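Fair warning: this is a prediction, and the values are worked out from it, not measured in the lab. Numbers restart at 1 for each chain; the letters A, B, ... are given by sequence-line order, proteins then strands.
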Amino acid sequence: MTERIPEADNFIEEFIVEDLKNGKHGGRVHTRFPPEPNGYLHIGHAKAIVINFEIGKKYGGKTNLRMDDTNPSTEETHFVTNIENDLRWLGYEWEGETLYASDYFGELYEFALRLIDKGLAYVDDSTVEEIAQQKGDIDRPGTNSPFRDRSITENRDLFERMKAGEFPDGSKVLRAKIDMAHPNLLLRDPVLYRIKHEAHHRTGDAWCIYPLYDFAHGQSDSIEGITHSLCSLEFRHHRDLYNWLIEALEIFPSRQIEFARMNVDYLITSKRKLKKLVEEGIVAGWDDPRMGTLAGMRRKGYPPLALRNFCLRTGVTKRDNQQEYDLLEHNVREVLNDTADRYMAVLDPVKLVLTNYPADQVEMLTAERQPETEGSPALTEEALPFGKELWVEREDYQKEPQNRKYFRLAPGKDVRLKSAYIIHVSGHEEDADGVVTQINATYYPESRSGNDTSGVSAKGTIHWVAVREAIDLEVREYDKLFTDPTPMDHEDRDFLEFINPSSLQILAAKGEPALAKAQPGDTFQFLRKGYYTADPDGTPGKPVFNLTVGLKSGWKG
RNA sequence: AGACCCAUGGUGUAAUUGGCAACACUCCAGAUUUUGGUUCUGUCAUUCAAGGUUCGAGUCCUUGUGGGUCUACCA
């Protein structure tokens, strides 16, 4: 077998390549994504998912999905299903079944016993406050617990009785016996097990003692034979404990490597804050398109490929980073430009009447739907009704344009109606307030799209919808949820002070009839406006569309 | 303040591990365009500071500066 090791693209892969070259673990690479099933996945998780799964894929390895469910108080099964859905949607399939740290409770308990037997763990009767007190300070060594020197026999007995349910919550914990003066506070006799007489979402009442993160995560990695355990920077200090436990327990040496989590402008990734947005009714739910959750971005219409590209292209390093919103949106547009079919919808309609067009005539034109891709022009398909009365965009009309380079509707202008005719604008009617109520124009009968013999040239092209055949659309125009790119970074102000009051505008729009077939999740480009995705709230009679991302506009009028 | 981590255009990431600092996004300008979209071309802009090693330093060393993380019976 001649194995070629792929070239490393970042420092984590450099470590992996190094391990591979040294023949470590027999050339095996095994990563994992270990969410806690107590909330919804967000863009930050997406980054971790992409890193873990892509590395697994790249180096011929495997990636597990493991629920880090060691705290019965906060975890629920329905989150598990959600996480699985999000992962599949993102485009990843994990190795085998979904795994659970709680499946290892038995082994973990044995590990604890092993530690006790080695004199490396003890049962402590101190209270939470006392333990915090003993911990010392950042520049003050801690002090030993009065229970630190219990005999192995006594520790074993006490721990077994903890498990048997003889003691109430909080009365005892199991602690590792390391060094109360260690510069890394995590090694000052960390708590390994706590008593919680609570039912667990999977193990039910089988246990009343539960391991803490530091005594569950690394051990789960070991049990699963994870070779590279990738996590975010804030776990750096845990690595010392992670390694200490591997040595003490003499178990499979998984290697923890930390990378910087991804931050994105205008998006928050704090579970607690996300929850607050939902609970205070600031957003419609966890899947509100303004949320940085995967569910929200899915509903907004972000293609999974765009998210993967975004995560991949922003790289993997150890420095704090703040990604620009523009880059996220660029990745979304890039994918959608290649994949979204094109339709016309008028978001802010005003009536346009073609005075020289027969009143009862309806013409079926053809429109280009598929986007033009390299080498193949846009395909022409699907009928598009045209008539005397049309809806056009209010902002596409100006009574007296100031800019000489304005090419859209205005008195005296010739403008192309996309896929239809060129028209000559004669003028408009307005109400007492000067608001335009109708635009009048004539059309050039020989200028029909596809066989234009009129000789008329129009600089501008606008979208439109035939009044009689138009269907009603509810269009939800989403904007950024916050007015500040980093609402969490203000020590003196709460992030809720930066809520964008106009992050959602609901529009009564007019769409071409073909749009009636839209299924929830379908994304289209509304010509000249943006990409819109059909929302589950829509009904057959009245589709609802969410703004996924707007088109860029080079117009600086 | 102790330990640990980090520092390259506006943002993010590269630089064959000591050999002409580049790519993407953004901005701006132009070409093409029946979407003021896409595509194409071009412009502006970068190594935290000081010292040292070296023919040569973004890269190695020292000191400093700035930022981050850590004192939950959460993960």
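Regarding A:Asp320, its CG atom lies at a distance of 9 Å from the C1' atom of B:C5, rounded to whole Å. Across the protein-nucleic acid pair, A:Lys556 atom NZ and B:A29 atom C1' stand 10 Å apart, rounded to whole Å. Between the CD1 atom of A:Ile462 and the P atom of B:U34 there is a distance of 16 Å, given to the nearest Å. In this structure, CG of A:Asp326 is placed 6 Å from P of B:C27, rounded to the nearest angstrom.
Comparing B:G66 with B:U71, their C1' atoms sit 24 Å apart, to the nearest whole Å. To the nearest whole angstrom, the two C1' atoms, one in B:U26 and one in B:C44, are 12 Å apart. For the P atoms, the distance linking B:U63 with B:C70 amounts to 26 Å, nearest Å.
Of all non-hydrogen atoms in A:Asn309 and A:Glu334, the two that sit nearest each other are ND2-OE1, 4.1 Å.
Residue contacts shown for A:Lys529 are absent, as no nucleic acid heavy atom lies under 4.0 Å away. Within the nucleic acid shown, A:Leu212 comes within 4.0 Å of sugar-phosphate atoms alone, with no base atom in reach, counting heavy atoms only. In this structure, A:Thr74 reaches neither bases nor backbone, as no heavy-atom distance under 4.0 Å exists between it and the strands shown. At the heavy-atom level, A:Leu327 lies under 4.0 Å from the strands shown only through sugar-phosphate atoms. Backbone-only contact: A:Val191 has heavy atoms under 4.0 Å from sugar-phosphate atoms and none from a base. As judged by a 4.0 angstrom heavy-atom cut-off over every strand, A:Phe407 is placed among the base-contacting residues. Among the protein residues, A:Lys172 comes within range of no part of the nucleic acid, since none of its heavy atoms lies under 4.0 Å from any strand.
Figure legend: cation-pi geometry between A:Lys172 and A:Phe167, with NZ or CZ positioned under 6.0 Å from the six-membered ring centre and within 45° of its axis. Within the cation-pi definition used here (under 6.0 Å to the ring centroid, within 45° of the axis), A:Lys418 does not qualify as a partner of A:Trp464.
You'll find the ring centres of A:His217 and A:Phe235 outside the 6.0 Å limit.
Side-chain N/O atoms of A:His237 and base N/O atoms of B:U69 include a donor-acceptor pair closer than 3.5 Å. For a distance-only test at 3.5 Å, the side chain of A:Ser449 qualifies as a donor-acceptor partner of the base of B:U34. Residue-to-nucleotide contacts include no donor-acceptor pair under 3.5 Å from the side chain of A:Arg313 to the base of B:U13. The base of B:U35 sits within donor-acceptor range of the side chain of A:Gln525, with an N or O pair under 3.5 Å. At a cut-off of 3.5 angstrom, the base of B:U35 holds no donor-acceptor pair with the side chain of A:Arg528. On a pure distance criterion of 3.5 Å, no polar donor-acceptor pair joins the side chain of A:Arg319 and the base of B:U13.
Checked against B:G36, B:G12, B:G37, the side chain of A:Leu551 finds its nearest nucleotide in B:G37.
Between B:U33 and A:Arg416, no contact under 4.0 Å exists linking OP1 or OP2 to a side-chain N or O.
The strand RNA chain B forms stems, runs of 3 or more Watson-Crick or G-U wobble pairs with distances below 3.5 Å, at B:2-7 with B:65-70, B:10-13 with B:22-25, B:28-31 with B:39-42, B:48-52 with B:60-64.
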Audit row: A:Thr548, A:Thr533, side chain to side chain donor-acceptor pair (under 3.5 Å) steps and yes/no: CA-CA 6 Å; A:Thr548 306; A:Thr533 301; 2.6 Å; yes
